[in-house]
Amino acid sequence: MEKFLLASDLVGVSFWLVSIAMVASTVFFLYEGMHVKSSWRTSMLVVGLVTLIAAVHYYYMREYWLATGKSPIVYRYIDWLLTVPLQMIEFYLIIVAAGLAVSSSVFWRLLIGTIIMLLGGYAGEAGWLSPGLGFVIGMAGWIYIIFEIFRGESSVAATKKNSIKKAFGALRIIVVFGWSIYPIGYIFGLLTPMIGLGTINIDFLNFTYNLADFINKILFGLIIWKVAINDQEDH
Ligand SMILES: *C/C=C(C)/C=C/C=C(C)/C=C/C1=C(C)CCCC1(C)C
């Protein structure tokens with residue numbers, strides 16, 4: 001299709017912008033990670049890895065989009081399969097960085113929720129299952145994750161220290177509100193025929209996912225960075 005990016009291709013522009021933002025934020029997170037208190041360094045490294053992995057995938061996704069005008073489903077879900085578990089590790093690291101004890105089963109439960117969420121979504125988008133059924137399975141995984149961070153073991157540990165309470169609160173907002181952008185993209189992109197709103201809208205789906213990735217990877221990293229800096233000032 002297109003050889004170069006056209007101004008009329010808004011979705012293509014969003015792929016482009018996010019790919020560059022991921023590269024720049026990777027440099028930022030890795031650099032800043034060297035200057036925070038040592039207990040926060042692994043957390044900063046992990047957010048830098050998340051944006052690095054996303055940057056690589058966004059370069060492929062934007063090319064795929066230009067060449068085919070189709071959803072880069074495989075690249076998208078490989079990216080999520082790597083980066084969402086890394087973000088789940090982050091929850092665990094935040095608690096550990098604050099010197100609180102929590103069992104590693106917290107991480108495993110969050111991982112199981114993530115895999116169910118992504119498998120459901122992929123199956124629905126790739127046509128393994130009907131988009132509606134894939135959506136229901138994906139939602140179940142997400143709801144399980146929300147339950148764990150609001151009612152599970154990590155949520156109890158997180159209330160024990162003030163600086164962590166704040167960080168955890170911010171992360172919860174990301175997982176509930178930031179992450180809700182993805183199913184919105186799915187509903188109004190892929191489920192439109194099912195809910196009587198017309199045809200499948202691949203442009204809306206991809207634009208919305210790109211916006212969501214920008215918020216949930218870069219803003220997520222900035223939250224961790226802010227908490228790490230504040231923790232330093234407390235000491
Ligand atoms: C860095 C990438 C992130 C944080 C990706 C998150 C993806 C989701 C929260 C996806 C959620 C979905 C549902 C809740 C329902 C089914 C469709 C999905 C996979 C888009």
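First listed ligand is number 1; within each ligand, the first listed atom is number 1. Since the model is a prediction, treat every value here as computed from it, not as a measurement. No hydrogens, no waters, no symmetry mates; every other heavy atom, side chains included, goes into these values.
Proximity to Y186 (heavy-atom distance under 4.0 Å) selects the following atoms of ligand 1: 17 (C). With ligand atoms numbered from 1 in the order given, ligand 1 contributes 14 (C) to contacts under 4.0 Å with heavy atoms of W142. Proximity to K217 (heavy-atom distance under 4.0 Å) selects the following atoms of ligand 1: 1 (C), 2 (C), 3 (C). Each of the following atoms of ligand 1 lies closer than 4.0 Å to a heavy atom of Y209: 20 (C). Those atoms of ligand 1 that come under 4.0 Å of a heavy atom in D213, given as number and element, are 1 (C), 2 (C). For ligand 1, the atoms sitting less than 4.0 Å from at least one non-hydrogen atom of W179 are 4 (C), 9 (C), numbered in the order shown with element in parentheses. Atoms of ligand 1 lying under 4.0 Å from any heavy atom of Q87, numbered from 1 in the order shown and given with element: 4 (C).
Using a 30° and 60° split on the angle between ring planes, F204 and F188 fall in the perpendicular class, above 60°.
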Starting from the C-alpha separation in whole Å, work towards a yes-or-no answer on ring pair (Phe, Tyr, Trp, His ring centres under 6.0 Å) for Y58 and W16. CA-CA 8 Å; Y58 263 88; W16 198 283; over 10 Å; no
Quick one: side chains of residues 142-149, donor-acceptor pairs under 3.5 Å with protein atoms, not counting sequence neighbours, listed by atom name and distance.
from	atom 1	to	atom 2	distance (Å)
W142	NE1	V175	O	3.0
E148	OE1	R109	NE	3.0

Distance-only donor-acceptor hits, side chain of residues 119-133, under 3.5 Å, sequence neighbours excluded:
from	atom 1	to	atom 2	distance (Å)
E125	OE2	Y77	OH	2.6
E125	OE2	Y209	OH	2.7
S130	OG	L133	N	3.2

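For the pair R62 and Y64, the cation does not sit on the ring face, since its NZ or CZ is not both under 6.0 Å from the ring centre and inside 45° of the axis.
Atom 6 (C) of ligand 1 has its closest protein heavy atom at Y182 CE1, 3.3 Å.
In this structure, W40 CH2 and I229 CD1 are separated by 11.0 Å, a value rounded to the nearest 0.5 Å.
Nearest-residue assignment for atom 18 (C) of ligand 1 (options F220, Y122, F214, Y77; heavy-atom criterion): Y77.
In summary, the side chains of N206 and W65 do not present any donor paired with an acceptor at a separation below 3.5 Å, with no hydrogens or angles considered.
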